[in-house]
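All remarks here apply to the structure that follows.
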Amino acid sequence: MHYNIKDFFLEFKTPFAIAHGTRTGTDIVLLTITHEGISATGEASLPPYLPETKESVRKFMEEFFDRHTDLPEDIHSSINTLHSFATGNTAAKACIEIALWNWFASKAKIPLWKLLGLNNHPLPDCTYTLGMGSEEEIQAKITDSREFKILKVKLGSGDMEYDRKTINTIRRCTDKPLCVDANQGWKNKEEALEMIGWLSHQNVKFVEQPLPKEAAADQLWLFKRSQLPLFADESVQGPEDVAGINNMFHGINIKLMKCGGISKAMEMIQLARKFQLQVMIGSMSETGCAIAAAASLSSLADIVDLDGPMLTTNNPYDTVRYVDGKVILND
Ligand code: MG
């Protein structure tokens with residue numbers, strides 16, 4: 001088996017303001033594996049607030065492929081080998097997993113969702129993410145998002161008045177259902193509760209990660225009082241975290257880059273269902289490669305947040321289509 005590792009910088013349509021700062025794009029590492037004349041690609045997305053870097057991902061992949069020069073006969077042995085190789089490195093593992101799944105799907109001449117034993121309909125709605133910004137910027141994004149039935153807005157600026165103004169601006173433009181992602185930006189549980197109470201009158205479906213992940217006691221307090229469902233994002237990384245947040249959130253946001261790949265995401269979904277948690281499939285800012293891989297799990301989710309290709313300018317993969325506010329999975 002041959003492999004090739006390439007760096008890429010995925011650029012945002014508009015610099016993207018979130019609670020962690022403003023960015024123009026995201027570092028990506030693309031992996032292509034070639035074996036028996038079939039090539040397949042995987043992707044690691046590396047936003048700056050997470051520990052992995054282009055260098056760490058490349059090093060992990062080189063070490064892995066140095067030790068494992070041949071593809072095992074079946075996908076499950078490949079995945080087991082990968083996850084028993086080392087701990088952590090979830091984006092690097094997600095990248096290798098995506099390449100492996102794509103390779104085995106290509107070899108079988110079937111789409112990935114079918115190889116996973118899943119369906120391509122019915123599928124849940126996909127959210128369209130609006131960043132924080134000026135009224136003109138928000139209005140432009142809402143115009144771009146007209147096909148989508150659910151919008152998602154990033155709040156958590158640290159200034160509750162600013163957050164309210166953002167919602168008021170959106171509500172002047174559209175009455176579509178909104179999901180709110182506070183990105184750990186609300187530091188005070190009483191203020192967060194007050195904000196959630198206000199949002200519950202603004203056609204908001206749920207609030208994602210209202211408080212910092214370290215504030216577990218405050219999260220529990222908020223969970224018992226919240227007028228809206230609360231989704232965990234930063235508070236839940238992989239399968240090992242799901243049981244621990246079961247009594248603090250109503251749902252989880254699963255991302256391939258956080259959990260280590262498709263197999264881990266499927267484990268998380270199983271656990272979430274066991275605990276009656278709602279499931280969102282989300283993403284970092286990713287190209288069509290990783291977004292298509294995540295989208296193949298759509299039929300297992302209540303909602304997907306996979307609008308990355310709508311928000312970037314130089315996505316090299318034409319793998320994802322949006323129709324009627326859903327990510328379409330081809331036959
Ligand atoms: Mg989030």
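First listed ligand is number 1; within each ligand, the first listed atom is number 1.
Among the heteroatoms counted here (N, O or S) of E208, OE2 is the one nearest to the Mg ion (ligand 1). Distances from the Mg ion (ligand 1) to each N, O or S atom of D233 single out OD2 as the nearest.
Under the 4.0 Å criterion applied to side-chain N and carboxylate O atoms, E161 and R164 are assigned as salt-bridge partners.
What you find for I262 and L116 is that their closest heavy atoms are CG2-CD2, 3.7 Å. Scanning both residues, I98 and T41, for their nearest heavy atoms gives CG2-O, 3.6 Å. Here the shortest heavy-atom pairing between Y322 and G308 reads OH-N, 4.2 Å.
The distance from the Mg ion (ligand 1) to the nearest N/O/S atom of E234 is not under 2.8 Å. Taking backbone and side chain together, D181 holds an N, O or S atom under 2.8 Å from the Mg ion (ligand 1).
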